[in-house]
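Input: a single structure, listed below in structure tokens.
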2 protein chains.
Amino acid sequence: MLRIQPFWQAKHSQIYPLLSSMEEKQLLSSHWVQQSDKPDKKIYAITEKGMQKLREWMYQPIAPAVTKDELSLRTFCLWLAEIGIAVDIFEDRRIGYLEKKRYYEQILEGIPEETRELGSKAFSNYVLATKGLMMAETELKWCDWVLDLLKQQQRSTASKHGRTNFETLS
Amino acid sequence: MLRIQPFWQAKHSQIYPLLSSMEEKQLLSSHWVQQSDKPDKKIYAITEKGMQKLREWMYQPIAPAVTKDELSLRTFCLWLAEIGIAVDIFEDRRIGYLEKKRYYEQILEGIPEETRELGSKAFSNYVLATKGLMMAETELKWCDWVLDLLKQQQRSTASKHGRTNFETLS
DNA sequence: ATTTCCATGTAATGTGTTACATGATTCC
DNA sequence: GGAATCATGTAACACATTACATGGAAAT
């Protein structure tokens, strides 16, 4: 759940029933593992039948990505907010993108170069994390670009009108 | 619906009931427009009350973006597919990203530079389309990078083993 | 006439979230 | 002893999709 979290979010309340139903269909098997420091946990493993299903799935057509991006929605309506709020929004998001970038950098650091051979699991993770890193870097670049545009205007109008409203500028 | 489609997908069956309920709450108003060539259509406009709600919404905390990206999910499992299929997947997606890039380029062409003043609706669209373009370019770059890695290996092993399976390489 | 596209909607179903619930273990 | 964390689960609700349904207008 945590590993696919960057590109497919899901809560535990969705996953537990899913695991159960997949076990019923014999795509997964499970066993309990005792832990002394923490409550016991149930470990699921994919079965041969599950593997086959998974392999079949790899050859199915890929559905286009679905996104629900509130920041873009806000950007779409940016003209009706004060410029100061716009700056706040993007400075806030800048931090988020920076964290995201660091997250992927750490993942990549955890995949030694010699293990990144084509066809290995490490290769898949390497390719995926690289995408995450590239996207985060681009988002960061965009954020900085927007902030530049906003602050430029903010500086040049601050002395004349005081607080500048987006709406009044349009 | 079409305009926010790149960052917030929704079907008409979801939107029609939403519009109705928003009109009931007097956030929207509507009127029918007769069309001679096509069936009549209902035009919704935001009310002053709706505008106020929208402005309030601009100051609310922004929820993190939600994605369901099947391509990333496939990439995550790339190690269990044949290399040829991997190439197919990424070449296919490459086309998609190219179209996406062209889509945003066209949008940007439709926003004349002189209208891109800070605080205007055109500015919001400009900022948003720029993000779309930057992201599409990055996705394209990633795609090409992956294809390069895949094809390198494909060429170097083709003569020796014929068809190469990812799994056998790991 | 039949098919296709535009436009608006509803119904059944599926997916996903929030909130609730339990119990073990550790920390203060 | 009480709060915090880990782990597993369920129930009620909200959100979203697919499929169904209707009817006007245009194209073949």
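Computed from a predicted structure; not experimentally measured. Side-chain atoms are counted along with the backbone in the values below, which use heavy atoms only and exclude waters and symmetry mates. Below, chain A is the first sequence line, B the second, and so on; all start at residue 1.
- B:Q35 has no side-chain polar atom (N or O) that falls below the 4.0 Å cut-off from OP1 or OP2 of D:dA25.
- The side chain of A:Y16 sits closest to D:dT10 out of C:dT17, C:dT8, D:dT10.
- Nearest to the side-chain atoms of B:K41 among the listed nucleotides D:dA25, C:dC6, C:dT8 stands C:dT8.
- Using a 4.0 Å heavy-atom distance criterion, A:S36 is classed as a sugar-phosphate-only contact.
- One interatomic measurement links the two molecules: NZ of A:K38 to C1' of D:dA4, which rounds to 14 Å at whole-angstrom precision.
- Counting to the nearest Å, the P atom of D:dA16 and the CD1 atom of B:I15 are 10 Å from each other.
- A cation-pi arrangement is absent between B:R3 and B:W8, since the terminal nitrogen or guanidinium carbon is not both under 6.0 Å from the aromatic centre and inside a 45° cone about the axis.
- Atom pair A:M1:CE and D:dG9:C1' shows a separation of 14 Å (rounding to whole Å applied).
- Atom-to-atom, CG of A:D40 to P of C:dG23 comes out at 15 Å; the value is rounded to the nearest Å.
- Closest to the side chain of A:S13, out of D:dA26, C:dG23, D:dA11, is D:dA11.
- Annotation: of the two residues near DNA chain C, B:W32 and A:Q9, the 5′-most nearest-nucleotide partner is B:W32.
- Among all heavy-atom pairs drawn from A:C77 and B:W57, the shortest one is SG-CZ3, 4.2 Å.
- Rounding to whole angstrom units, CD of residue B:Q14 and P of C:dT8 are separated by 17 Å.
- In this structure, CD of B:Q34 is placed 16 Å from C1' of C:dC6, rounded to the nearest angstrom.
- Spacing between atom NZ of A:K11 and atom P of C:dT17 amounts to 6 Å, rounded to whole angstrom units.
- A salt bridge does not link B:E24 to B:K49: none of the charged nitrogens lies less than 4.0 Å from a carboxylate oxygen.
- At least one test fails for A:R94 against the ring of A:W142: distance under 6.0 Å to the centre or angle within 45° of the axis.
- If you find the closest nucleotide of DNA chain C to B:P17 and to B:K68, the one lying nearer the 5' end belongs to B:P17.
- Residue A:K42 is the one, among A:V66 and A:K42, whose nearest nucleotide of DNA chain D lies closer to the 5' end (criterion: closest heavy atom).
- Side chain of A:E105 to backbone of A:L133: no donor-acceptor contact under 3.5 angstrom is found.
- Atom pair A:H12:NE2 and C:dC20:P shows a separation of 13 Å (rounding to whole Å applied).
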